Structures are given as structure tokens and as C-alpha cells.
Amino acid sequence: MWQGVIPAVTTKFTPEDTLDFKEMQRCFQYLMDAGCDGLIACGSLGEGPFLSHAERIDVLKLSKEVCGSKPALLTVAEASSKEACALAEKGARAGADGLMVVPSTIYHTNHQETVANLRAIAAAADLPVMIYSNRIAYRVDVTTDMLEELADDARFVAVKESSDDIRRSTEIINRLGDRYDLFTGVDNLAFEALTAGAKGWVAGLVVAFPHETVAIYKLIQAGRYAEALTIYRWFRPLLDLDVSSYLVQNIKLVETMVIESNERVRLPRQPLQGEVRSRAEAVVRAALATRPVLPQLA
């Protein structure tokens, strides 16, 4: 159902800390013009937990407008099932093409609770769902056993696999075949996951480097692994910026340096400062100085 490069977009703010729709429209359109296959609004990178439900719906609506016929997904990442179901219902009414659902972000659910929570959210929206499994950031592991248990509900169509264990991708495919559209959600494991059978990439650094991200994906799909690997090795220091507690600030800094956006974040986050900022800036400058010429793609 879903495949390709689907960016987890950043949310843009004005100096007054309101949503900057003009800048988001510009940035989102840049991604679609580069060949991305949809957008995911208000995830971790999009500062979703720092937005009101109304703000998240507004970002979703803009994403859907820019996506056209391609999927626009809303992230649901709430502490309680009640709040998650309420947001899922609002997303459905606003025209979301699907949801990316994170298990409870505060209380770390057990197997039974995780499955029940995911089922409740899917039922509330009655939309296609991408399950976001990230045991590192959210401390709830949506295991292969859970995916097998959830497979009887056709609304669960995809998995964003972010366990940080590349063996999990093969485990899911071996156990469940093509039951789920498998996406990688870890930027600096993307080549490994895509060559192991993942159908798509929920990407972060794509927001500043969409052409390179799309090129890696398309080259792998075409079996042109050596060419893809050359770009990926150049990209890797940048991709490492996505795997950090400062991923939002890191990636917004990259957007500022590469596509002339801004790095405004919502408090309590603040833009990078000091040595952390200097290191990130050095990574970006080095990448820009050695940016590869991309091969021809169909």
C-alpha cells in the first residue's frame, strides 16, 4: 500500500511561536518536487507532542494539500489511549490518508496493553495504520510476535521499524512475508534495511537533502547497489544527526544551512549552541563541500 521515501517533516514556527504555514508549504513542496512519495506530519521530528491537537490537524491539512494523490499521514503519539483515539478521530475527519501510531509514550505498556492500545486507535480512526516500533526512544517494543497478533486487522498495513537492530527486518519478513509494508525509520541504517527487503524509508535528513535520499532508494530498487552505497557513505555523517536526543535541532540547523529555512523550535527546546552546534555545522559544511553528482535515474 505504501512504499518509497516518505519524509517525517519538520514543523515550522514564526518568531511569535505560531505555525508558519508559508514556510511549511515551501519546504513540503520541495520534497514532493524531488520525488518523495508522501509526507508524515507531526512525528518526533515534527515536534508533535509539543503541538496542540488543533495545530497538528492544521499541519496535516497542509501536508495533504501539498501531497495531492500521495499519502499524507498524521502521527498519533499520546500518553493515554483516550487522547490517542480522540486525535485519531480528528485526523480521520480532517482527511488523513492514514496514521503513524506510536504506543503510549509515558507509561511503558506490556504486550497485552500494547496490542490493545494499537487496536483501539486503529478502530477509532478506521484508517490504514503504520505501526511505529521504536524501543530505543519510546521504550515500548512492538515485537514480531505482536505484529503477528495484530495481522488479523487489515487496518494495520505498515511498520516503521526503528528497533536499531537490522536483524529485525529479516525477522519480520521471514515470519510475516509481505503482510506489512516494511519501512526503515533509522536514517543511518537505511541502506542496510532497504537491501534487506524494506519497501520504504521514513526519513529525516531528507527534509534538506531530498534528491540524495530519493536517489539512494531508487538505485537500490533498480539493483544499482554500488552507486547507492557511494551516495550513502557520503550521506552517513549527516544521517547520524538523526540519531540523537537533539535530532530536531540538528535537522532544523541542517535545513537552515542547506535550504535557507529557519531553526526555530518550540520551548523547552532551544536551537543548538556551543560545541554541539559547532560539530553539527562542521558535518554539514564537509558534506556540502563533497556533495556528489547524482546519477541518472528513471
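As the structure is a prediction and not an experimental result, all values here were calculated from the model.
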query: What are the two closest heavy atoms between A215 and L297, and how far apart are they?
result: CA-CD1, 3.7 Å
statement: Applied to residues 82-109, the salt bridge (Lys or Arg N to Asp or Glu O under 4.0 Å) test, sequence neighbours excluded, yields K64-D97
query: At what distance, to the nearest 0.5 angstrom, does CZ of R168 lie from OG1 of T170?
result: 11.5 Å
- request: Check for a donor-acceptor pair, side chain of R155 on one end and backbone N or O of D126 on the other, with a separation under 3.5 Å.
  value: no
- prompt: What closest approach, in Å, do N134 and S162 show between heavy atoms, and which atom pair accounts for it?
  reply: OD1-O, 3.6 Å
- prompt: Can you check side-chain contact (heavy atoms from CB on, under 4.5 Å) on L247 and L241, steps first, answer last?
  reply: CA-CA 6 Å; L247 82 158; L241 295 174; over 6 Å; no
- request: Check whether any side-chain heavy atom of M24 sits under 4.5 Å from a side-chain heavy atom of L19, and report yes or no.
  value: yes
message: Quiz question: by atom type and distance under 3.5 Å, do the side chains of S261 and E23 form a donor-acceptor pair?
response: yes
Crowding at OH, Y246 (>12 non-hydrogen neighbours, <6.0 Å): no
field: T184 OG1 to I166 CD1 distance, which is reported to the nearest 0.5 Å
entry: 6.0 Å
field: Test log, rule side-chain contact (heavy atoms from CB on, under 4.5 Å), inputs L31 and L39
entry: CA-CA 9 Å; L31 297 172; L39 298 173; 4.0 Å; yes
query: Hey, mind stepping through E192 and R167 against salt bridge (charged side-chain N to carboxylate O under 4.0 Å, His left out) and telling me if it holds?
result: CA-CA 10 Å; E192 293 83 353; R167 293 170 294 190; over 6 Å; no
message: Go through it in stages, so that I can follow the logic: the residues are R277 and E263, the test is salt bridge (charged side-chain N to carboxylate O under 4.0 Å, His left out), and I'd like the CA-CA distance, side-chain angles, deciding distance and then a yes or no.
response: CA-CA 12 Å; R277 183 184 186 88; E263 56 182 313; 2.7 Å; yes
- request: Determine whether more than 12 heavy atoms belonging to other residues, nucleotides or ligands lie under 6.0 Å from atom CD of E275.
  value: yes
query: Apart from I136 itself, which Ile, Leu, Val, Met, Phe, Trp or Tyr residues share its cluster (side-chain heavy atoms under 4.5 Å, direct or through members)?
result: none
Atom pairs and distances, donor-acceptor, side-chain atoms in residues 267-274, under 3.5 Å, two or more places apart:
from : atom 1 : to   : atom 2 : distance (Å)
Q270 : OE1    : Q273 : NE2    : 3.3

message: Can you confirm whether K70 sits close enough to W2 that some side-chain heavy atom of one is under 4.5 Å from a side-chain heavy atom of the other?
response: no
message: Can you confirm whether the side chains of E113 and N117 place a donor and an acceptor under 3.5 Å from each other?
response: no
- request: Could you state whether I40 and V9 fall into the same hydrophobic cluster, counting links through intermediate Ile, Leu, Val, Met, Phe, Trp or Tyr residues with side-chain heavy atoms under 4.5 angstrom apart?
  value: no
task: Verify the cluster assignment for L194 and W234: are they in a single hydrophobic cluster under the rule of side-chain heavy atoms below 4.5 Å apart?
output: yes
message: Can you confirm whether D242 sits close enough to N188 that some side-chain heavy atom of one is under 4.5 Å from a side-chain heavy atom of the other?
response: no
- line: Heavy-atom nearest pair, G200 first then Y217, reads CA-CE1, 4.2 Å
query: What pairs of residues pass the salt bridge (Lys or Arg N to Asp or Glu O under 4.0 Å) test when at least one of them lies in residues 200-226, not counting sequence neighbours?
result: E212-R291, R224-E227
query: Is the backbone of H108 close enough, under 3.5 Å, to the side chain of R139 for a donor and an acceptor to pair up by distance?
result: no
- prompt: Using a side-chain heavy atom cutoff under 4.5 Å and only I, L, V, M, F, W and Y, what cluster partners does V243 have?
  reply: V186, L189
query: Apart from L150 itself, which Ile, Leu, Val, Met, Phe, Trp or Tyr residues share its cluster (side-chain heavy atoms under 4.5 Å, direct or through members)?
result: I57, L60, L74, V76, L87, L99, V101, V115, L118, I121, L127, V129, I131, V142, M146, L147, F156, V159, I172, I173, L176, Y180, L182
- request: Could you note down all residue pairs passing salt bridge (Lys or Arg N to Asp or Glu O under 4.0 Å) where residues 172-188 supplies at least one of them, sequence neighbours left out?
  value: D145-R175, E148-R175, D181-K199
message: Tell me the closest heavy-atom pair linking Q221 and A198, and the distance in Å.
response: NE2-O, 4.5 Å
- prompt: Cation over ring, K160 on Y132, under 6.0 Å and within 45°?
  reply: yes
field: Heavy-atom closest contact (K12 atom, C27 atom, distance)
entry: CE-SG, 4.0 Å
- request: Would you give the length of the straight line joining atom CD of Q249 to atom CZ of R264, rounded to the nearest 0.5 angstrom?
  value: 15.0 Å
- prompt: Would you say the side chain of P295 lies within less than 4.5 Å of the side chain of L219, judging by non-hydrogen atoms?
  reply: yes
message: The test is side-chain contact (heavy atoms from CB on, under 4.5 Å); show your working for S104 and V140 and say whether it passes.
response: CA-CA 8 Å; S104 176; V140 176; 5.7 Å; no
All salt bridge (Lys or Arg N to Asp or Glu O under 4.0 Å) counterparts of E149, not counting sequence neighbours: none
field: Evaluation steps, side-chain contact (heavy atoms from CB on, under 4.5 Å), between L288 and F209
entry: CA-CA 10 Å; L288 291 175; F209 291 96; 4.1 Å; yes
Residue pair V276 / R279, side-chain heavy-atom distance below 4.5 Å: yes
message: Using modelled atom types and a 3.5 Å cut-off, is there a donor and acceptor pairing between side-chain atoms of D37 and backbone atoms of V5?
response: yes
Separation of I6 CD1 from C36 SG (nearest 0.5 Å): 9.5 Å
- line: Distance col, row F183:CZ vs E161:CD, nearest 0.5 angstrom, shows 13.0 Å
Residue pair S169 / E171, side-chain donor-acceptor N/O under 3.5 Å: no
field: salt bridge (Lys or Arg N to Asp or Glu O under 4.0 Å) pairs, two or more places apart, involving residues 44-56
entry: E47-K252, E55-R266, R56-E78
Transitive ILVMFWY side-chain link L51 to V102, under 4.5 Å: no
query: If you measure from CG on N262 to CG on L253, what distance do you get to the nearest 0.5 Å?
result: 11.5 Å
message: Assigning hydrophobic clusters by single linkage (Ile, Leu, Val, Met, Phe, Trp, Tyr; side-chain heavy-atom cutoff under 4.5 Å), is F21 placed with I259?
response: yes
task: Give a yes or no on whether K61 atom NZ has more than 12 heavy-atom contacts from other residues, nucleotides or ligands under 6.0 Å away.
output: no
- line: Of D58, V265, D20, V59, the one forming a side chain to side chain contact (heavy atoms under 4.5 Å, CB included) with T11 is V59
Partners passing salt bridge (Lys or Arg N to Asp or Glu O under 4.0 Å) against E260 (at least two apart in sequence or in another chain): none
Those residues that, when tested against D240, pass salt bridge (Lys or Arg N to Asp or Glu O under 4.0 Å) (two or more places apart): R236
message: Give me each pair satisfying ring pair (Phe, Tyr, Trp, His ring centres under 6.0 Å) with a member in residues 184-206, each pair once, sequence neighbours excluded.
response: F191-Y232
Least distance between heavy atoms, C67 atom then A72 atom: SG-CB, 4.1 Å
task: Indicate, with yes or no, if V202 and L45 share a hydrophobic cluster defined by side-chain heavy-atom contacts under 4.5 Å among Ile, Leu, Val, Met, Phe, Trp and Tyr.
output: no
